[in-house]
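Chain letters run A, B, ... following the sequence lines, proteins first, then strands; residues in each count from 1.
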Amino acid sequence: MSDVTSAATTPPAKPQPRITDCAAPYWQHAKDNKLVLPYCGECDASFYYPRLWCPACFNQDISWKQLSGKGTVYSYSVIYQSPLPSYQEDLPYVLAIIELDEGPRMMANVLNCDVDKVRVDMAVEVVFEARGDMKIPQFQPA
Amino acid sequence: MSHTNPVAIAAVSEMKPGRYPDKDGYDLYIEVIRQFLSEWSLKPSDIQGLLACPSGMAGGGSNDIFVHEQLYEELGIKPLFADTMNAGGSTYGLMVQRAVLAIQQGKVDSVLCVGAGKFPKVSTGGAESMARMVSHEIYEFPYGTFIPALYAQVATRHMHEYGTTAEQLAEVCVSSRDWALLNPDASTYGGEALTVEKVRQSRPIASPFNLYDCSIPLEGGAAFLVCNEAYAKRLNKQPAYVLGMGEFHNHRNIHQATSLTDIGCSKSGQQAYTMAGLRPSDMDFAEIYDAFSINPLVFMEELGLCPKGKGGQFFQSGAARPGGDFPVNTFGGLLSFGHTGDASGMSMIVEGIRQIMGIAGERQLDKANAGIVHSYGGMMSEHSTLILGRSA
(Lines give C-alpha, C1' and ligand atoms only; values in the text may rest on other atoms or scores of the structure.)
Protein backbone atom coordinates (compact mmCIF):
# COMPACT_ATOMS: atom_id res chain seq x y z
CA MET A 1 0.00 0.00 0.00
CA SER A 2 3.05 2.25 0.09
CA ASP A 3 2.42 3.40 -3.46
CA VAL A 4 -1.24 4.35 -3.18
CA THR A 5 -0.32 8.01 -2.95
CA SER A 6 1.67 7.86 -6.17
CA ALA A 7 0.17 10.20 -8.75
CA ALA A 8 0.73 7.61 -11.45
CA THR A 9 -1.65 5.08 -9.94
CA THR A 10 -5.40 5.39 -10.32
CA PRO A 11 -7.16 4.52 -7.10
CA PRO A 12 -9.35 1.42 -7.34
CA ALA A 13 -13.07 2.04 -7.67
CA LYS A 14 -15.07 2.29 -4.47
CA PRO A 15 -17.28 -0.70 -3.66
CA GLN A 16 -20.44 -1.02 -5.71
CA PRO A 17 -23.28 -2.58 -3.70
CA ARG A 18 -24.71 -5.91 -4.81
CA ILE A 19 -28.35 -5.53 -5.86
CA THR A 20 -30.62 -8.09 -4.21
CA ASP A 21 -34.09 -8.80 -5.60
CA CYS A 22 -35.91 -7.27 -2.63
CA ALA A 23 -33.92 -4.04 -2.95
CA ALA A 24 -34.19 -3.52 -6.72
CA PRO A 25 -36.69 -0.60 -6.43
CA TYR A 26 -34.45 1.12 -3.85
CA TRP A 27 -31.50 1.14 -6.25
CA GLN A 28 -33.64 1.93 -9.31
CA HIS A 29 -35.04 5.08 -7.63
CA ALA A 30 -31.56 6.03 -6.39
CA LYS A 31 -30.49 6.27 -10.03
CA ASP A 32 -33.13 9.06 -10.31
CA ASN A 33 -31.75 10.78 -7.19
CA LYS A 34 -34.73 9.71 -5.09
CA LEU A 35 -34.53 8.14 -1.64
CA VAL A 36 -37.30 5.55 -1.76
CA LEU A 37 -37.62 3.02 1.07
CA PRO A 38 -39.88 0.04 1.69
CA TYR A 39 -43.05 1.00 3.52
CA CYS A 40 -45.32 -1.13 5.72
CA GLY A 41 -49.00 -0.07 5.61
CA GLU A 42 -49.79 -2.08 8.77
CA CYS A 43 -47.20 -0.15 10.77
CA ASP A 44 -47.54 3.07 8.75
CA ALA A 45 -43.75 3.22 8.72
CA SER A 46 -40.84 3.14 6.31
CA PHE A 47 -37.99 0.84 7.17
CA TYR A 48 -34.35 0.42 6.25
CA TYR A 49 -32.72 -1.65 4.89
CA PRO A 50 -34.94 -3.29 2.25
CA ARG A 51 -36.10 -6.83 3.03
CA LEU A 52 -38.99 -9.06 2.06
CA TRP A 53 -41.02 -8.44 5.21
CA CYS A 54 -41.58 -5.66 7.70
CA PRO A 55 -39.20 -6.35 10.61
CA ALA A 56 -41.73 -4.87 13.05
CA CYS A 57 -44.73 -7.07 12.11
CA PHE A 58 -43.67 -9.63 9.42
CA ASN A 59 -46.15 -8.14 6.92
CA GLN A 60 -44.95 -9.11 3.44
CA ASP A 61 -47.22 -6.67 1.60
CA ILE A 62 -44.53 -4.05 1.16
CA SER A 63 -44.93 -0.87 -0.89
CA TRP A 64 -42.37 1.83 -1.66
CA LYS A 65 -42.46 5.43 -0.52
CA GLN A 66 -40.23 8.39 -1.30
CA LEU A 67 -38.74 10.08 1.76
CA SER A 68 -37.87 13.74 2.23
CA GLY A 69 -34.16 12.99 2.14
CA LYS A 70 -33.77 15.15 5.26
CA GLY A 71 -32.21 13.88 8.45
CA THR A 72 -29.70 14.47 11.22
CA VAL A 73 -26.36 12.96 12.15
CA TYR A 74 -27.07 10.37 14.89
CA SER A 75 -23.39 9.56 15.35
CA TYR A 76 -20.17 9.64 13.35
CA SER A 77 -16.45 9.11 13.27
CA VAL A 78 -13.75 10.90 11.30
CA ILE A 79 -11.50 8.24 9.79
CA TYR A 80 -7.88 9.41 9.62
CA GLN A 81 -6.28 6.12 8.71
CA SER A 82 -8.00 3.46 6.66
CA PRO A 83 -6.62 0.39 4.97
CA LEU A 84 -9.24 0.52 2.22
CA PRO A 85 -7.38 1.34 -1.03
CA SER A 86 -10.44 2.94 -2.65
CA TYR A 87 -10.86 5.43 0.21
CA GLN A 88 -7.22 6.54 0.53
CA GLU A 89 -7.77 9.74 -1.42
CA ASP A 90 -10.75 10.67 0.74
CA LEU A 91 -8.83 10.62 4.03
CA PRO A 92 -9.87 12.02 6.38
CA TYR A 93 -13.49 11.07 5.74
CA VAL A 94 -16.63 10.78 7.81
CA LEU A 95 -18.48 7.53 8.48
CA ALA A 96 -21.85 8.38 10.03
CA ILE A 97 -25.18 6.96 11.07
CA ILE A 98 -27.91 9.23 9.73
CA GLU A 99 -31.34 9.39 11.34
CA LEU A 100 -33.89 10.24 8.65
CA ASP A 101 -36.70 12.62 9.58
CA GLU A 102 -39.13 9.75 8.92
CA GLY A 103 -37.36 7.56 11.52
CA PRO A 104 -35.14 4.94 9.91
CA ARG A 105 -31.37 5.15 10.35
CA MET A 106 -28.81 4.37 7.69
CA MET A 107 -25.05 4.41 7.36
CA ALA A 108 -23.45 6.90 4.97
CA ASN A 109 -20.56 9.27 4.52
CA VAL A 110 -21.06 12.98 5.21
CA LEU A 111 -19.80 14.69 2.06
CA ASN A 112 -19.13 18.30 1.06
CA CYS A 113 -18.31 19.27 4.64
CA ASP A 114 -15.11 20.04 6.55
CA VAL A 115 -14.64 16.93 8.73
CA ASP A 116 -14.06 19.15 11.77
CA LYS A 117 -17.47 20.74 11.31
CA VAL A 118 -19.50 17.52 11.55
CA ARG A 119 -21.57 17.29 14.75
CA VAL A 120 -24.17 14.98 16.24
CA ASP A 121 -27.68 16.32 15.49
CA MET A 122 -26.37 18.33 12.53
CA ALA A 123 -29.05 18.68 9.82
CA VAL A 124 -28.19 16.85 6.61
CA GLU A 125 -29.82 16.07 3.28
CA VAL A 126 -29.41 13.22 0.86
CA VAL A 127 -27.13 13.52 -2.14
CA PHE A 128 -26.40 10.72 -4.60
CA GLU A 129 -22.94 9.47 -5.47
CA ALA A 130 -22.22 7.47 -8.63
CA ARG A 131 -20.77 4.01 -8.15
CA GLY A 132 -20.23 2.47 -11.55
CA ASP A 133 -23.64 2.35 -13.22
CA MET A 134 -25.38 2.75 -9.85
CA LYS A 135 -25.88 5.61 -7.41
CA ILE A 136 -25.74 5.32 -3.63
CA PRO A 137 -27.33 7.70 -1.12
CA GLN A 138 -24.90 9.93 0.76
CA PHE A 139 -25.51 12.99 2.93
CA GLN A 140 -24.28 16.59 3.07
CA PRO A 141 -25.06 19.55 5.35
CA ALA A 142 -28.63 20.78 4.76
CA MET B 1 -28.35 -20.72 41.54
CA SER B 2 -29.63 -22.64 44.55
CA HIS B 3 -32.51 -24.18 42.58
CA THR B 4 -30.18 -26.06 40.23
CA ASN B 5 -27.10 -28.21 40.52
CA PRO B 6 -23.96 -26.10 40.91
CA VAL B 7 -21.55 -25.99 37.99
CA ALA B 8 -17.99 -24.72 38.26
CA ILE B 9 -14.87 -24.20 36.18
CA ALA B 10 -12.11 -26.40 37.53
CA ALA B 11 -9.13 -25.89 35.23
CA VAL B 12 -7.89 -23.05 33.04
CA SER B 13 -4.94 -22.24 30.81
CA GLU B 14 -4.06 -19.50 28.33
CA MET B 15 -1.17 -19.06 25.90
CA LYS B 16 0.86 -15.89 26.14
CA PRO B 17 -0.49 -13.62 23.39
CA GLY B 18 2.06 -12.99 20.66
CA ARG B 19 2.83 -13.48 17.01
CA TYR B 20 3.18 -17.12 16.01
CA PRO B 21 4.02 -16.95 12.29
CA ASP B 22 4.93 -20.64 12.10
CA LYS B 23 1.60 -21.78 13.54
CA ASP B 24 -1.72 -21.73 11.73
CA GLY B 25 -5.00 -21.63 13.62
CA TYR B 26 -5.09 -25.37 14.12
CA ASP B 27 -1.47 -25.48 15.31
CA LEU B 28 -2.43 -22.86 17.91
CA TYR B 29 -5.32 -25.08 19.03
CA ILE B 30 -2.94 -27.98 19.54
CA GLU B 31 -0.53 -25.77 21.49
CA VAL B 32 -3.36 -24.49 23.71
CA ILE B 33 -4.45 -28.04 24.50
CA ARG B 34 -0.88 -29.23 25.07
CA GLN B 35 -0.30 -26.40 27.53
CA PHE B 36 -3.66 -27.00 29.25
CA LEU B 37 -2.97 -30.73 29.70
CA SER B 38 0.56 -30.03 30.96
CA GLU B 39 -0.71 -27.63 33.62
CA TRP B 40 -3.60 -29.72 34.93
CA SER B 41 -3.59 -33.40 35.76
CA LEU B 42 -6.40 -34.83 33.65
CA LYS B 43 -7.22 -38.19 32.10
CA PRO B 44 -9.09 -38.58 28.80
CA SER B 45 -12.18 -39.69 30.74
CA ASP B 46 -12.20 -36.30 32.54
CA ILE B 47 -13.27 -34.59 29.31
CA GLN B 48 -16.77 -35.70 28.34
CA GLY B 49 -17.74 -32.76 26.15
CA LEU B 50 -15.92 -30.37 23.83
CA LEU B 51 -16.80 -26.95 22.44
CA ALA B 52 -14.51 -25.19 19.96
CA CYS B 53 -14.62 -22.13 17.70
CA PRO B 54 -13.31 -21.66 14.15
CA SER B 55 -9.90 -20.02 14.45
CA GLY B 56 -9.56 -18.47 11.02
CA MET B 57 -12.43 -16.00 11.03
CA ALA B 58 -10.35 -12.95 11.82
CA GLY B 59 -8.21 -13.78 8.82
CA GLY B 60 -11.24 -13.95 6.57
CA GLY B 61 -11.12 -17.72 6.33
CA SER B 62 -13.43 -20.24 7.96
CA ASN B 63 -12.23 -23.56 6.64
CA ASP B 64 -12.23 -25.05 10.10
CA ILE B 65 -15.94 -25.01 10.78
CA PHE B 66 -15.67 -28.63 11.92
CA VAL B 67 -12.68 -28.02 14.18
CA HIS B 68 -14.31 -29.85 17.12
CA GLU B 69 -14.22 -33.12 15.14
CA GLN B 70 -10.50 -32.92 14.55
CA LEU B 71 -9.82 -31.83 18.12
CA TYR B 72 -11.74 -34.60 19.90
CA GLU B 73 -10.15 -37.20 17.65
CA GLU B 74 -6.68 -35.79 18.22
CA LEU B 75 -7.32 -35.50 21.97
CA GLY B 76 -8.32 -39.17 21.95
CA ILE B 77 -11.82 -38.75 23.37
CA LYS B 78 -15.32 -39.70 22.20
CA PRO B 79 -17.48 -36.94 23.66
CA LEU B 80 -21.20 -37.14 24.47
CA PHE B 81 -21.56 -33.42 23.72
CA ALA B 82 -19.54 -31.45 21.16
CA ASP B 83 -19.86 -28.62 18.67
CA THR B 84 -18.06 -25.91 16.78
CA MET B 85 -19.79 -22.63 17.55
CA ASN B 86 -19.18 -18.99 16.84
CA ALA B 87 -20.61 -15.79 18.24
CA GLY B 88 -17.52 -13.63 17.78
CA GLY B 89 -16.14 -12.31 21.05
CA SER B 90 -19.08 -13.71 22.98
CA THR B 91 -18.36 -17.28 21.76
CA TYR B 92 -16.62 -18.40 24.94
CA GLY B 93 -19.10 -16.84 27.32
CA LEU B 94 -21.83 -18.64 25.42
CA MET B 95 -19.74 -21.84 25.52
CA VAL B 96 -19.84 -21.65 29.31
CA GLN B 97 -23.60 -21.17 29.15
CA ARG B 98 -24.11 -24.11 26.76
CA ALA B 99 -21.81 -26.27 28.88
CA VAL B 100 -23.67 -25.37 32.09
CA LEU B 101 -26.99 -26.40 30.55
CA ALA B 102 -25.58 -29.70 29.24
CA ILE B 103 -24.08 -30.50 32.63
CA GLN B 104 -27.23 -29.54 34.55
CA GLN B 105 -29.27 -31.73 32.19
CA GLY B 106 -27.01 -34.62 33.14
CA LYS B 107 -25.72 -35.16 29.62
CA VAL B 108 -22.10 -34.87 30.74
CA ASP B 109 -20.03 -34.20 33.87
CA SER B 110 -17.50 -31.98 32.14
CA VAL B 111 -17.03 -29.88 29.01
CA LEU B 112 -13.71 -28.58 27.67
CA CYS B 113 -14.15 -25.14 26.11
CA VAL B 114 -11.27 -24.19 23.88
CA GLY B 115 -10.35 -21.39 21.50
CA ALA B 116 -7.40 -20.26 19.38
CA GLY B 117 -7.07 -17.22 17.19
CA LYS B 118 -4.93 -15.73 14.47
CA PHE B 119 -5.15 -12.00 13.76
CA PRO B 120 -4.21 -10.55 10.38
CA LYS B 121 -1.93 -7.53 10.29
CA VAL B 122 -4.16 -4.54 9.66
CA SER B 123 -1.99 -3.31 6.83
CA THR B 124 -2.15 -6.42 4.66
CA GLY B 125 -5.77 -6.42 3.58
CA GLY B 126 -6.72 -7.89 6.94
CA ALA B 127 -8.56 -4.78 8.03
CA GLU B 128 -10.61 -4.81 4.84
CA SER B 129 -11.59 -8.44 5.25
CA MET B 130 -12.49 -7.79 8.89
CA ALA B 131 -14.52 -4.71 7.95
CA ARG B 132 -16.39 -6.84 5.43
CA MET B 133 -17.02 -9.43 8.13
CA VAL B 134 -18.52 -7.10 10.72
CA SER B 135 -20.36 -4.59 8.57
CA HIS B 136 -23.28 -5.13 6.20
CA GLU B 137 -21.98 -6.14 2.79
CA ILE B 138 -24.50 -3.97 0.95
CA TYR B 139 -25.67 -1.23 3.32
CA GLU B 140 -22.47 -0.48 5.29
CA PHE B 141 -19.27 -1.76 3.67
CA PRO B 142 -19.58 0.37 0.48
CA TYR B 143 -19.26 3.47 2.71
CA GLY B 144 -15.68 2.66 3.60
CA THR B 145 -16.28 0.93 6.92
CA PHE B 146 -13.35 0.34 9.22
CA ILE B 147 -13.70 -1.42 12.56
CA PRO B 148 -12.46 1.44 14.79
CA ALA B 149 -14.92 3.81 13.08
CA LEU B 150 -17.82 1.43 13.68
CA TYR B 151 -17.03 1.27 17.41
CA ALA B 152 -16.50 5.00 17.39
CA GLN B 153 -20.19 5.52 16.60
CA VAL B 154 -20.93 4.38 20.16
CA ALA B 155 -18.21 6.59 21.61
CA THR B 156 -19.30 9.72 19.73
CA ARG B 157 -22.93 9.21 20.74
CA HIS B 158 -21.97 8.64 24.39
CA MET B 159 -19.92 11.83 24.36
CA HIS B 160 -22.91 13.66 22.91
CA GLU B 161 -25.50 12.32 25.35
CA TYR B 162 -23.43 12.39 28.54
CA GLY B 163 -20.53 14.76 27.99
CA THR B 164 -17.97 11.97 28.11
CA THR B 165 -14.54 13.21 26.98
CA ALA B 166 -11.69 11.72 24.96
CA GLU B 167 -9.56 12.15 28.10
CA GLN B 168 -11.98 9.94 30.03
CA LEU B 169 -11.70 7.30 27.30
CA ALA B 170 -7.92 7.55 27.66
CA GLU B 171 -8.29 6.82 31.39
CA VAL B 172 -9.60 3.36 30.45
CA CYS B 173 -6.35 2.71 28.55
CA VAL B 174 -4.23 4.02 31.43
CA SER B 175 -6.01 1.77 33.92
CA SER B 176 -5.68 -1.32 31.73
CA ARG B 177 -1.98 -0.70 31.18
CA ASP B 178 -1.39 -0.38 34.94
CA TRP B 179 -2.90 -3.85 35.35
CA ALA B 180 -0.95 -5.29 32.41
CA LEU B 181 2.28 -4.17 34.07
CA LEU B 182 1.41 -6.63 36.86
CA ASN B 183 0.71 -9.52 34.44
CA PRO B 184 3.79 -11.33 33.07
CA ASP B 185 1.66 -12.82 30.27
CA ALA B 186 0.48 -9.42 29.00
CA SER B 187 2.06 -8.27 25.75
CA THR B 188 2.93 -4.89 27.27
CA TYR B 189 4.44 -6.35 30.48
CA GLY B 190 7.80 -4.77 31.14
CA GLY B 191 6.81 -1.76 29.06
CA GLU B 192 5.88 1.73 30.07
CA ALA B 193 2.84 3.00 31.91
CA LEU B 194 0.43 5.05 29.84
CA THR B 195 -0.79 8.54 30.64
CA VAL B 196 -3.82 10.40 29.36
CA GLU B 197 -1.42 12.67 27.46
CA LYS B 198 0.33 9.72 25.77
CA VAL B 199 -2.99 8.30 24.64
CA ARG B 200 -4.21 11.65 23.34
CA GLN B 201 -0.90 12.29 21.58
CA SER B 202 -0.82 8.89 19.85
CA ARG B 203 -1.77 9.03 16.21
CA PRO B 204 -5.44 9.53 15.33
CA ILE B 205 -7.16 6.46 13.86
CA ALA B 206 -10.90 7.17 13.82
CA SER B 207 -12.24 9.91 16.06
CA PRO B 208 -12.45 9.87 19.01
CA PHE B 209 -9.98 6.96 18.99
CA ASN B 210 -6.25 7.32 18.77
CA LEU B 211 -3.84 4.40 18.47
CA TYR B 212 -3.79 3.57 22.20
CA ASP B 213 -7.59 3.54 22.33
CA CYS B 214 -7.39 0.39 20.18
CA SER B 215 -6.54 -3.10 21.41
CA ILE B 216 -3.32 -4.78 20.32
CA PRO B 217 -3.83 -7.38 17.56
CA LEU B 218 -2.04 -10.62 18.44
CA GLU B 219 -2.55 -14.37 18.40
CA GLY B 220 -3.09 -16.97 21.05
CA GLY B 221 -5.71 -19.13 22.69
CA ALA B 222 -7.05 -20.58 25.90
CA ALA B 223 -8.97 -23.49 27.37
CA PHE B 224 -11.01 -24.19 30.49
CA LEU B 225 -12.97 -27.14 31.86
CA VAL B 226 -16.56 -26.64 33.02
CA CYS B 227 -17.68 -29.40 35.45
CA ASN B 228 -20.41 -30.48 37.80
CA GLU B 229 -19.61 -29.69 41.40
CA ALA B 230 -18.36 -33.13 42.39
CA TYR B 231 -15.99 -33.28 39.42
CA ALA B 232 -14.85 -29.72 39.96
CA LYS B 233 -14.03 -30.30 43.62
CA ARG B 234 -12.09 -33.44 42.78
CA LEU B 235 -9.91 -31.47 40.35
CA ASN B 236 -9.57 -28.19 42.23
CA LYS B 237 -9.96 -27.11 45.87
CA GLN B 238 -11.28 -23.71 44.76
CA PRO B 239 -13.09 -23.94 41.45
CA ALA B 240 -14.88 -20.93 39.97
CA TYR B 241 -18.62 -21.44 40.33
CA VAL B 242 -20.89 -20.18 37.57
CA LEU B 243 -23.46 -18.37 39.71
CA GLY B 244 -25.29 -16.52 36.99
CA MET B 245 -25.40 -16.22 33.23
CA GLY B 246 -27.32 -14.34 30.57
CA GLU B 247 -27.25 -13.71 26.86
CA PHE B 248 -28.89 -11.25 24.50
CA HIS B 249 -28.62 -10.87 20.75
CA ASN B 250 -29.44 -7.28 19.82
CA HIS B 251 -28.48 -6.59 16.20
CA ARG B 252 -25.90 -7.50 13.63
CA ASN B 253 -24.98 -4.18 11.99
CA ILE B 254 -24.25 -1.16 14.14
CA HIS B 255 -26.59 1.20 12.26
CA GLN B 256 -29.47 -1.15 13.15
CA ALA B 257 -28.93 -0.87 16.92
CA THR B 258 -32.02 0.77 18.42
CA SER B 259 -29.82 2.76 20.80
CA LEU B 260 -26.05 3.20 20.87
CA THR B 261 -26.04 3.82 24.61
CA ASP B 262 -28.22 0.85 25.59
CA ILE B 263 -26.85 -1.73 23.26
CA GLY B 264 -27.97 -5.04 24.79
CA CYS B 265 -25.44 -5.60 27.55
CA SER B 266 -27.94 -4.59 30.23
CA LYS B 267 -30.29 -7.40 29.14
CA SER B 268 -27.72 -10.19 29.48
CA GLY B 269 -26.45 -8.57 32.67
CA GLN B 270 -29.88 -8.49 34.28
CA GLN B 271 -30.45 -12.17 33.49
CA ALA B 272 -27.14 -13.04 35.13
CA TYR B 273 -27.85 -11.01 38.29
CA THR B 274 -31.33 -12.54 38.59
CA MET B 275 -30.05 -16.08 38.20
CA ALA B 276 -27.27 -15.50 40.74
CA GLY B 277 -29.58 -13.71 43.17
CA LEU B 278 -26.92 -11.02 43.41
CA ARG B 279 -26.79 -7.29 42.73
CA PRO B 280 -24.15 -5.12 41.08
CA SER B 281 -23.03 -4.03 44.56
CA ASP B 282 -22.20 -7.67 45.35
CA MET B 283 -19.54 -7.78 42.63
CA ASP B 284 -15.90 -7.45 43.69
CA PHE B 285 -14.48 -6.90 40.21
CA ALA B 286 -15.38 -6.87 36.52
CA GLU B 287 -13.68 -8.32 33.44
CA ILE B 288 -15.11 -6.66 30.33
CA TYR B 289 -14.34 -7.30 26.66
CA ASP B 290 -12.52 -4.19 25.45
CA ALA B 291 -11.64 -4.09 21.77
CA PHE B 292 -11.64 -0.29 22.20
CA SER B 293 -11.50 2.09 25.14
CA ILE B 294 -15.21 2.89 24.93
CA ASN B 295 -16.33 -0.65 25.76
CA PRO B 296 -15.60 -0.91 29.50
CA LEU B 297 -16.84 2.65 29.99
CA VAL B 298 -20.26 1.95 28.46
CA PHE B 299 -20.61 -1.57 29.83
CA MET B 300 -19.87 -0.51 33.42
CA GLU B 301 -23.03 1.56 33.07
CA GLU B 302 -25.10 -1.07 31.31
CA LEU B 303 -24.11 -3.69 33.90
CA GLY B 304 -25.32 -1.36 36.67
CA LEU B 305 -21.81 -1.05 38.11
CA CYS B 306 -21.85 2.74 37.86
CA PRO B 307 -24.66 5.23 37.16
CA LYS B 308 -25.80 5.82 33.59
CA GLY B 309 -23.61 8.40 31.90
CA LYS B 310 -20.95 8.25 34.65
CA GLY B 311 -18.64 5.67 33.09
CA GLY B 312 -16.12 8.34 32.16
CA GLN B 313 -16.05 9.75 35.68
CA PHE B 314 -15.70 6.23 37.08
CA PHE B 315 -12.49 5.58 35.12
CA GLN B 316 -11.23 9.10 35.77
CA SER B 317 -11.55 8.47 39.52
CA GLY B 318 -8.95 5.71 39.33
CA ALA B 319 -11.35 3.20 40.91
CA ALA B 320 -10.66 0.62 38.18
CA ARG B 321 -6.88 0.68 38.63
CA PRO B 322 -4.71 -1.52 40.89
CA GLY B 323 -5.56 -0.57 44.47
CA GLY B 324 -8.83 1.05 43.38
CA ASP B 325 -12.28 0.47 44.83
CA PHE B 326 -13.57 -1.58 41.91
CA PRO B 327 -10.93 -3.29 39.79
CA VAL B 328 -11.72 -3.66 36.08
CA ASN B 329 -9.83 -5.80 33.56
CA THR B 330 -7.20 -6.97 36.01
CA PHE B 331 -5.33 -8.90 33.28
CA GLY B 332 -4.67 -5.71 31.33
CA GLY B 333 -7.63 -5.94 29.00
CA LEU B 334 -7.40 -6.57 25.29
CA LEU B 335 -6.09 -2.98 25.24
CA SER B 336 -2.84 -3.91 26.98
CA PHE B 337 -2.85 -7.72 27.41
CA GLY B 338 -3.48 -8.23 23.69
CA HIS B 339 -6.39 -9.17 21.42
CA THR B 340 -5.98 -12.71 20.15
CA GLY B 341 -8.45 -12.53 17.25
CA ASP B 342 -10.98 -15.34 17.40
CA ALA B 343 -9.75 -16.31 20.88
CA SER B 344 -10.02 -12.80 22.34
CA GLY B 345 -13.30 -13.57 24.10
CA MET B 346 -11.41 -16.10 26.20
CA SER B 347 -9.06 -13.70 27.98
CA MET B 348 -11.55 -11.92 30.26
CA ILE B 349 -13.16 -15.24 31.24
CA VAL B 350 -9.77 -16.78 31.97
CA GLU B 351 -8.93 -13.83 34.23
CA GLY B 352 -12.28 -14.01 36.02
CA ILE B 353 -11.68 -17.70 36.69
CA ARG B 354 -8.13 -17.04 37.95
CA GLN B 355 -9.22 -14.25 40.29
CA ILE B 356 -11.93 -16.48 41.77
CA MET B 357 -9.49 -19.42 42.08
CA GLY B 358 -6.97 -17.08 43.74
CA ILE B 359 -4.18 -17.86 41.26
CA ALA B 360 -3.73 -14.43 39.64
CA GLY B 361 -0.20 -13.84 40.97
CA GLU B 362 0.93 -10.30 41.68
CA ARG B 363 -2.40 -8.89 40.52
CA GLN B 364 -4.51 -11.19 42.71
CA LEU B 365 -7.27 -9.18 44.35
CA ASP B 366 -7.67 -9.32 48.13
CA LYS B 367 -11.41 -9.57 47.70
CA ALA B 368 -12.60 -11.80 44.88
CA ASN B 369 -15.63 -13.64 46.17
CA ALA B 370 -17.76 -12.77 43.15
CA GLY B 371 -16.98 -11.14 39.84
CA ILE B 372 -18.76 -10.32 36.62
CA VAL B 373 -17.42 -11.21 33.16
CA HIS B 374 -18.96 -9.60 30.10
CA SER B 375 -18.12 -10.38 26.50
CA TYR B 376 -19.78 -9.50 23.22
CA GLY B 377 -19.56 -10.46 19.58
CA GLY B 378 -19.70 -8.40 16.42
CA MET B 379 -20.26 -4.66 16.74
CA MET B 380 -21.46 -5.01 20.35
CA SER B 381 -24.13 -7.11 18.65
CA GLU B 382 -24.57 -10.12 20.92
CA HIS B 383 -23.82 -10.32 24.60
CA SER B 384 -22.81 -12.86 27.24
CA THR B 385 -22.64 -12.06 30.93
CA LEU B 386 -21.29 -14.51 33.52
CA ILE B 387 -21.17 -14.12 37.28
CA LEU B 388 -18.44 -16.25 38.85
CA GLY B 389 -18.00 -16.90 42.55
CA ARG B 390 -16.08 -18.82 45.19
CA SER B 391 -19.04 -20.75 46.58
CA ALA B 392 -22.29 -22.04 45.18
Side-chain angles (χ1 to χ4, degrees), chain A residues 1-2 13-20 22-23 26-27 47-51 55 73-99 104-111 115-116 118-122 129 131-132 134 136-139, chain B residues 120-132 135-163 166 202-211 213-214 251-261 263 292 294 379:
Chain A
M1 285 223 299
S2 56
K14 286 179 179 163
Q16 191 171 338
R18 184 169 62 86
I19 300 178
T20 54
C22 70
Y26 172 73
W27 297 114
F47 61 87
Y48 184 83
Y49 45 88
R51 50 203 116 172
V73 172
Y74 178 69
S75 196
Y76 70 95
S77 174
V78 181
I79 301 179
Y80 291 95
Q81 180 185 326
S82 161
L84 301 179
S86 61
Y87 265 83
Q88 291 302 310
E89 294 205 335
D90 293 46
L91 291 171
Y93 66 93
V94 177
L95 183 73
I97 298 173
I98 306 299
E99 186 166 275
R105 292 194 199 126
M106 55 193 296
M107 186 164 278
N109 301 126
V110 176
L111 305 178
V115 297
D116 296 327
V118 177
R119 294 287 179 271
V120 173
D121 285 348
M122 186 174 97
E129 178 189 325
R131 292 282 171 100
M134 298 172 67
I136 67 168
Q138 294 278 28
F139 288 83
Chain B
K121 296 215 162 149
V122 291
S123 58
T124 55
E128 178 167 342
S129 67
M130 290 182 73
R132 278 185 184 276
S135 54
H136 197 290
E137 173 208 353
I138 298 170
Y139 302 106
E140 292 188 338
F141 180 71
Y143 294 104
T145 54
F146 178 40
I147 288 180
L150 294 168
Y151 276 89
Q153 306 294 322
V154 171
T156 301
R157 186 71 199 179
H158 200 275
M159 294 165 93
H160 173 77
E161 288 189 20
Y162 300 113
S202 62
R203 72 173 189 272
I205 304 291
S207 71
F209 299 144
N210 289 357
L211 182 65
D213 288 289
C214 311
H251 60 277
R252 153 77 180 166
N253 302 293
I254 191 73
H255 82 270
Q256 292 279 316
T258 313
S259 165
L260 291 182
T261 49
I263 207 159
F292 293 88
I294 185 64
M379 282 302 115

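Residue contact with chain B, scored on non-hydrogen atoms closer than 4.5 Å, involves the side chain of A:Tyr26 exclusively. Contact annotation for B:Tyr151: neither backbone nor side-chain heavy atoms come within less than 4.5 Å of a heavy atom of chain A. Only the side chain of A:Tyr87 comes within less than 4.5 Å of a heavy atom in chain B; its backbone stays farther off. There is no contact between A:Pro55 and chain B, counting heavy-atom distances below 4.5 Å. A:Asp121 touches chain B through its side chain: at least one heavy atom from C-beta onward sits under 4.5 Å away, while N, CA, C and O do not. Heavy atoms of B:Ser135 lying under 4.5 Å from chain A are absent altogether. Both the backbone and the side chain of A:Tyr74 come within less than 4.5 Å of a heavy atom of chain B.
Interface check for chain B: of the options A:Gln138, A:Arg105, A:Arg131, A:Glu129, the most heavy-atom pairs under 4.5 Å are formed by A:Arg105. Per-residue heavy-atom pair counts under 4.5 Å with chain B were compared for A:Ile79, A:Ile19, A:Val78, and the maximum is reached by A:Val78. If you tally non-hydrogen atom pairs under 4.5 Å between each of B:Phe141, B:Tyr139, B:Phe209 and chain A, the highest count goes to B:Tyr139. The candidate with the highest count of non-hydrogen atom pairs below 4.5 Å against chain A, out of B:His255, B:Gln153, B:Glu140, B:His136, is B:Gln153. The most heavy-atom pairs under 4.5 Å with chain B, out of A:Ser86, A:Ala96, A:Pro50, come from A:Pro50.
Shown here for A:Val118 and A:Tyr76, the closest heavy-atom pair between the two residues is O-OH, 3.1 Å. A pairwise comparison of heavy atoms in A:Pro137 and A:Trp27 identifies CD-CZ3, 4.3 Å as the closest pair.
For the side-chain contact (heavy atoms from CB on, under 4.5 Å) with B:Met379, the qualifying choice from B:Asn253, B:Val154, B:Leu150, B:Ile263 is B:Leu150, the only one to do so.
Every residue two or more places apart in sequence or in another chain was checked for a salt bridge (charged side-chain N to carboxylate O under 4.0 Å, His left out) with A:Arg119, and none qualifies.
For the atom pair CD1 of B:Ile254 and CD1 of A:Ile97, the computed distance is 6.0 Å after rounding to the nearest 0.5 Å.
Proximity of a side-chain donor or acceptor of B:Thr261 to a complementary backbone N or O of B:His158 within less than 3.5 Å is not detected. The closest donor-acceptor contact from the side chain of B:Glu137 to the backbone of A:Pro17 lies at 3.5 Å or more, if one exists at all. Without hydrogens or angle criteria, B:Ser207 side chain to A:Ser77 main chain gives no donor-acceptor distance under 3.5 Å.
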